[in-house]
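Report on the following structure.
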Amino acid sequence: MLGVPRTQLLAAPELTTTQAEELAALVARRKAGEPLQYIIGRAPFRYLELAVTPDVLIPRPETETLVQLVIDWWEETKGTRDGDGDAQVLDVGTGSGAIAIALASEVGVRLVATDISAPALALAEENAAAAGVAQLVDFVLCDVCEGIVGPFDVLVSNPPYVTSAQMSELPAEIAEWEPHQALDGGTDGLDVLRKIVPAAKLLLRPGGLLALELEEDNVRQAAALLDDAWTAVNVHQDLTGRERFLTATRAR
Ligand SMILES: C[S@@+](CC[C@H](N)C(=O)[O-])C[C@H]1O[C@@H](n2cnc3c(N)ncnc32)[C@H](O)[C@@H]1O
């Protein structure tokens with residue numbers, strides 16, 4: 001951001017007055033609690049480096065595991081899916097585009113990615129273009145998947161899932177900077193999920209995958225929302241051993 005390579009800072013740490021002032025301003029922002037990713041405007045996600053602003057949630061490392069669950073399923077079901085060539089994956093609540101862009105660039109699938117936030121979608125589109133996958137992802141402004149026409153092989157989502165009680169206890173760094181619309185899942189954290197599940201039932205092909213990131217407090221409650229239209233309902237742990245992901249297959 002100062003236009004000074006890291007090596008120069010180490011070898012000859014003198015800064016011009018302007019650079020020193022710029023650095024002090026950046027440090028002041030950090031001291032005020034602004035997340036580093038918003039200050040530098042970038043966040044890593046799998047093999048990507050995404051642009052981030054306070055319009056979007058900063059992609060979390062846990063979500064990389066959600067992407068891996070989808071990739072593993074995609075590999076395991078190769079040859080048995082009947083949707084090749086169509087838009088195959090639906091990402092609900094795409095935010096920065098992290099999940100959709102990772103799947104497009106790593107697997108080469110076609111996606112539809114939705115969000116209720118227009119500024120988030122604008123940034124996601126920029127991120128897709130920067131990653132060279134703009135032609136693989138259609139971004140749609142809508143509530144969950146209203147107006148989206150299937151069928152899809154996968155519906156993946158990291159929806160807002162923080163409960164109302166947890167919202168009031170979030171660290172200031174999250175509560176004061178990240179978009180509440182990306183976090184607040186209502187009383188039990190499952191408000192948006194309650195819209196996703198029936199939509200997934202309609203939009204997924206038989207044998208298709210529903211893959212969700214949730215909170216360890218509500219992931220099993222979410223699993224209980226899946227009726228007999230679903231099989232292979234599984235809860236998965238994140239890298240720290242917390243139950244954070246739910247996958248299920250649309251019954252044939
Ligand atoms: C937890 S963030 C996830 C962002 C991104 N997918 C990720 O994993 O980093 C949830 C996203 O869902 C979006 N969202 C919230 N309510 C929504 C709704 N009713 N319909 C569509 N998107 C919604 C938010 O704007 C936000 O971008």
Side-chain angles (χ1 to χ4, degrees), residues 35 37-38 42-71 89-106 111-128 131 133 137-148 152 154-164 166-167 170 174-175 177-200 203 210-219 222 238 244-246:
Q37 294 91 333
Y38 289 150
R42 321 283 312 163
F45 186 77
R46 292 187 65 98
Y47 299 103
L48 303 165
E49 197 181 76
L50 299 166
V52 290
T53 69
D55 287 325
V56 298
L57 187 94
I58 296 164
R60 303 294 202 269
E62 295 92 303
T63 309
E64 298 185 358
T65 299
L66 177 65
V67 170
Q68 192 61 48
L69 287 168
V70 174
I71 292 176
V89 177
L90 177 58
D91 172 22
V92 177
T94 198
S96 63
I99 296 171
I101 297 168
L103 289 171
S105 58
E106 290 183 50
L111 296 104
V112 174
T114 73
D115 208 288
I116 204 162
S117 158
L121 278 178
L123 190 65
E125 281 192 44
E126 278 176 33
N127 278 326
V133 296
V137 192
D138 287 332
F139 292 99
V140 180
L141 180 67
C142 66
D143 183 6
V144 182
C145 16
E146 216 173 61
I148 301 295
F152 292 90
V154 177
L155 189 155
V156 60
S157 183
N158 173 18
Y161 53 66
V162 181
T163 66
S164 303
Q166 290 166 336
M167 281 300 292
L170 285 176
I174 298 174
W177 292 96
E178 299 204 72
H180 283 202
Q181 203 171 36
L183 299 163
D184 193 350
T187 310
D188 62 0
L190 299 178
D191 280 4
V192 177
L193 186 78
R194 283 196 181 80
K195 294 184 183 177
I196 291 176
V197 169
L203 289 172
L210 175 64
L212 302 161
E213 176 171 332
L214 291 156
E215 185 60 76
E216 66 178 340
D217 293 343
N218 58 22
V219 68
D238 67 14
R244 295 294 311 282
F245 310 103
L246 179 61

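Numbering of ligands and ligand atoms starts at 1, following listing order.
- Considering backbone and side-chain N/O of Ser96, none are found under 3.5 Å from N/O of ligand 1.
- Of the protein's non-hydrogen atoms, the one nearest atom 19 (N) of ligand 1 is Asp143 OD1, 2.7 Å.
- When only non-hydrogen protein atoms are considered, atom 1 (C) of ligand 1 lies nearest to Ala182 O, 3.0 Å.
- Each of Thr114, Ile196, Val154, Val156 was scored for a side-chain contact (heavy atoms from CB on, under 4.5 Å) with Leu90, with one residue passing: Thr114.
- Here the options are Val52, Leu57, Leu170, the test is side-chain contact (heavy atoms from CB on, under 4.5 Å), and the partner is Glu178; only Leu57 passes.
- Side-chain polar atoms of Gln68 and Thr65 form no donor-acceptor pair below 3.5 angstrom.
- Atoms of ligand 1 found under 4.0 Å from any heavy atom of Ile99, numbered from 1 in the order shown, are 6 (N), 8 (O).
- In this structure, the protein non-hydrogen atom closest to atom 6 (N) of ligand 1 is Gly93 O, 2.8 Å.
- Considering only residues two or more places apart in sequence or on other chains, Glu62 meets the salt bridge (charged side-chain N to carboxylate O under 4.0 Å, His left out) condition with Arg242, Arg244.
- At the shortest separation from atom 23 (C) of ligand 1 among protein heavy atoms lies Ile116 CG2, 3.6 Å.
- Glu49 CD: more than 12 foreign heavy atoms inside a 6.0 Å radius.
- Checking Tyr161 against Glu213 by side-chain atom types alone, a donor-acceptor pair falls below 3.5 Å.
- Shown in contact with Cys142 at under 4.0 Å from a heavy atom are these atoms of ligand 1, numbered in order with element: 20 (N), 21 (C).
- Annotation: atom 27 (O) of ligand 1 to nearest protein heavy atom, Asp115 OD2, 2.6 Å.
- The protein non-hydrogen atom at the shortest distance from atom 20 (N) of ligand 1 is Val144 N, 2.7 Å.
- Scanning the protein for heavy atoms near atom 15 (C) of ligand 1, the closest one is Gln181 O, 3.2 Å.
- Counting only heavy atoms of the protein, atom 7 (C) of ligand 1 lies nearest to Asn158 ND2, 3.6 Å.
- Looking at heavy atoms from C-beta onward, Glu146 lies out of side-chain contact with Ile148 at the 4.5 angstrom threshold.
- Within the 4.0 Å heavy-atom cutoff, Ala120 does not count among the residues contacting ligand 1.
- Taking a cut-off of under 4.0 Å to the non-hydrogen atoms of Thr63, the atoms of ligand 1 that pass are 8 (O).
- Side-chain contact check for Val67 versus Arg46: some heavy-atom pair is nearer than 4.5 Å.
- Under the rule for a side-chain hydrogen bond (donor to acceptor under 3.5 Å, both in side chains), the partners of Asp188 that lie at least two apart in sequence or sit in another chain are Arg194, Gln221.
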